[in-house]
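Atoms within a ligand are numbered from 1 in the order they appear, just like the ligands themselves. All figures in this text were calculated on a predicted structure; none of them were measured in a lab.
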Amino acid sequence: MVSCMYTQKFVHSVVRSFYRASPALITTPTSHSYSSGIAWRLYYHTTTTNFAQLNAIPTNAAPKRRSTTTTTTRRRRKRAEEAKRRAAAAAAVAAAPVEVPWTNQQLQVLKAVAEGKSVFITGSAGTGKTILLKRVVEVLKQLHTRKSVFVTASTGVAACALSGQTLHSFAGIGFGDGDRESLLLTAKSKSSYRWKRARALVIDEISMVDADLFDTLEYIAREIRRKESGRPWSGLQLIVSGDFFQLPPIGNRLSLSGKEFAFEADCWDRSFDLQIELTQVFRQSDLKLVELLQGIRRGDNDPERLKLLQDRTVTSEPDFSVTRLFPRKNDVSRVNKERLRSLGRETVTYTALDVGQEPWKSQLKLGITPDEVELCVGARVMLLKNIAQWDGLVNGATGTITGFKQRETVAIDICCSQLLPSVQFDSGPEIVILPEKWNVMEGDTVLATRKQIPLMLAWALSIHKCQGMTLNCLNTDLSRAFGCGMVYVALSRVRSLEGLYLSGFNPSKIKAHPKVLEFYQRLYYSQNLSSF
Ligand SMILES: Nc1ncnc2c1ncn2[C@@H]1O[C@H](COP(=O)(O)OP(=O)(O)OP(=O)(O)O)[C@@H](O)[C@H]1O
């Protein structure tokens, strides 16, 4: 600051003497090119704006600026700051942590994001979309400041996993029912400030967003923001992620125009500078399984390929430690309750502690962790947070309750008996599980927080709930699967064929939507890949 003032004074006196010597030199437009520092350029604008005032400026005072000049100066400063932030973001990309050796495609995404581009990231299950998105959010925060980056997802579970909020709550459109104009009015009254403040918007699990909603949100962005009216989303940097071969929008609403998926939205292609499909699968290392899953993803039910699956069908249920996946929620809670009761042990109940205001508080109920978790020794559980990645204690890790430990200070508000569960994880470690927090965030601000034990009963899970998870073993009855993508989502959770048990299977349930197939074919060709 001091050196800046010094420079300003110095420049001022140089300009004054130059002006006295040769005013014409100063007033020629080319004199701008003499400048090298910001102080000089700022001063040049001051002097060219009003030369009559120059002699009146005392040598020890900063020159008075006219308001138009101040605006220009501010704009320039802003641009310089922006450039600085972009450079920092690019540096962050270069300094990506070594524990994730990003692929070239992942690096391409990070580079594009750091350059301020809008990107659609897609790819089959386990190609690293979620882990990449977490990094993308960090880069965006460096690029635009934390407060102007909004992280959302179409489902509460996915939003919580990214410490974000649901897309509907960000947009302020309630349940999203109604025509475009009425949704715009609701959004204006509920979340104008968010739309205006946003410089980047992240949307995860896009497969569950329909075309009408996507177009409506783009319209709302333009109407409320009115910043760069000629540009889609009014200049907002948009990062969208998801796999359209996975679960489609709930209810699969068909609009009057016959559009279902977000990629059918009128604004879809205009919304992105880059659309990229990640092609390297990390979740499974067995090539046969990767190929089988790729086929199922595209709806291929060729009996020859499916032989691998036939070999995994079981007539009796494997041991209780294997997670069961069901297409419907009723089956999930029935099986979990039955199993818990069948152990005949005393149970401990944890009740979630929610703080924050509505509607954010209610959003916590849609998230990963249940309102109440009832556990007992011997219960199969799944971890709902990454607590020690190096030990494999990540979201989705399974284990068994071995006992309970008294911890008055930490357990007091979620468990009346102040007991904390000890879990023997299948991956090896046995640890006492402490309560964790899940936030609904807006930029940097915490809007609501849930405190709960990060466990859920894991004898059974719904296929909708497990989208995004990785499981070592699973047992599923897919004879009751419905809609497109469900068989693929269920099967693609498992790491290896050895961990897969099928208690019911019907090849006709393997379905991919023809529109989705067409979309990916186009994407594939646009990425210059040789075959689909
Ligand atoms: N470049 C990489 N190198 C090594 N492992 C990676 C890389 N990218 C992702 N992974 C790992 O791959 C696994 C799957 O990643 P992730 O859950 O992000 O996939 P996804 O595409 O979001 O899957 P889904 O569509 O099922 O949600 C994770 O264990 C992750 O750590």
Side-chain angles (χ1 to χ4, degrees), residues 93 95-111 119-138 151 153-164 202-209 239-248 276-286 289-290 293-294 296-298 323 325 368 382-398 427 461-472 474 476 484-496 499-500 512 516 520:
V93 173
V98 283
E99 61 263 31
V100 184
W102 302 116
T103 63
N104 285 343
Q105 286 175 322
Q106 289 169 325
L107 284 173
Q108 193 184 344
V109 169
L110 290 170
K111 185 169 172 283
V119 184
F120 167 53
I121 309 160
T122 187
S124 42
T127 47
K129 298 183 294 297
T130 309
I131 194 166
L132 178 62
L133 210 52
K134 286 183 181 166
R135 188 82 190 141
V136 161
V137 171
E138 285 171 28
V151 181
S154 58
T155 68
V157 173
C160 278
L162 287 171
S163 290
V202 174
I203 307 175
D204 194 16
E205 298 292 1
I206 190 69
S207 68
M208 297 177 95
V209 174
I239 310 296
V240 170
S241 175
D243 177 15
F244 286 108
F245 280 113
Q246 296 188 36
L247 297 173
I276 184 165
E277 182 175 13
L278 307 180
T279 49
Q280 187 166 344
V281 176
F282 291 97
R283 184 170 291 139
Q284 295 88 14
S285 53
D286 176 357
L289 178 58
V290 171
L293 291 174
Q294 292 297 327
I296 291 173
R297 181 171 182 249
R298 294 193 298 262
T323 309
L325 297 188
I368 297 174
M382 178 175 284
L383 189 59
L384 300 174
K385 263 248 156 139
N386 296 336
I387 56 174
Q389 303 229 8
W390 53 92
D391 268 341
L393 301 185
V394 293
N395 184 5
T398 46
S427 56
L461 294 173
S462 76
I463 294 172
H464 273 89
K465 202 88 170 178
C466 77
Q467 178 155 304
M469 282 181 179
T470 303
L471 298 172
N472 291 328
L474 70 87
T476 184
C484 294
M486 191 168 266
V487 170
Y488 175 62
V489 170
L491 297 178
S492 59
R493 301 306 102 200
V494 76
R495 284 188 202 274
S496 66
L500 179 66
V516 175
Y520 276 89

Indicate every side-chain donor-acceptor pair of residues 121-131 with a distance under 3.5 Å to a residue at least two apart or in another chain.
| unit_1 | atom_1 | unit_2 | atom_2 | d |
| --- | --- | --- | --- | --- |
| Thr122 | OG1 | Gly242 | O | 2.7 |
| Thr122 | OG1 | Tyr520 | OH | 2.6 |
| Ser124 | OG | Gln294 | NE2 | 3.0 |
| Thr127 | OG1 | Ser124 | O | 2.7 |
| Lys129 | NZ | Gly123 | O | 2.9 |
| Lys129 | NZ | Ser124 | O | 3.1 |

Under a 4.0 angstrom heavy-atom cut-off, which atoms of ligand 1 come close to Pro101? 1 (N), 2 (C), 3 (N), 4 (C)
Drop me the distance from Leu491's CG to Gln284's CD, to the nearest 0.5 angstrom. 10.0 Å
With no hydrogens and no angle check, is any side-chain donor or acceptor of Ser154 less than 3.5 Å from a backbone partner on Val209? no
Hey, is the main chain of Tyr488 close enough, under 3.5 Å, to the side chain of Gln246 for a donor-acceptor pair? no
Please check whether Ala125 reaches ligand 1 - meaning an N/O of the residue sits under 3.5 Å from an N/O of the ligand, judged on distance alone. no
Could you report the tightest heavy-atom contact between Val290 and Val281, atom names first, then the distance? CG1-CG2, 4.1 Å
Please say whether Met469 places an N or O atom under 3.5 Å from an N or O atom belonging to ligand 1. no
Any idea which atoms of ligand 1 are less than 4.0 Å away from a heavy-atom of Arg493? 26 (O)
Contact check, Gln280 vs ligand 1, heavy-atom distance below 4.0 Å: no
Roughly how far, to the nearest 0.5 Å, is CZ of Arg493 from OG1 of Thr470? 7.0 Å
Consider every N or O of Ile131 and every N or O of ligand 1, then say whether any pair is closer than 3.5 Å. yes
Backbone of Thr103 reached by a side-chain donor or acceptor of Gln106 within 3.5 Å: yes
Please confirm whether Asp243 approaches ligand 1 to less than 4.0 Å, judged on its heavy atoms. no
What I want to know is whether Thr130 and ligand 1 share at least one N or O pair that is separated by under 3.5 angstrom. yes
Number the atoms of ligand 1 from 1 as they appear, then name those within less than 4.0 Å of a heavy atom of Gln246, with their elements. 25 (O)
Nearest non-hydrogen atom to atom 16 (P) of ligand 1 belongs to which of Gly242, Gly128, Ala158? Gly128
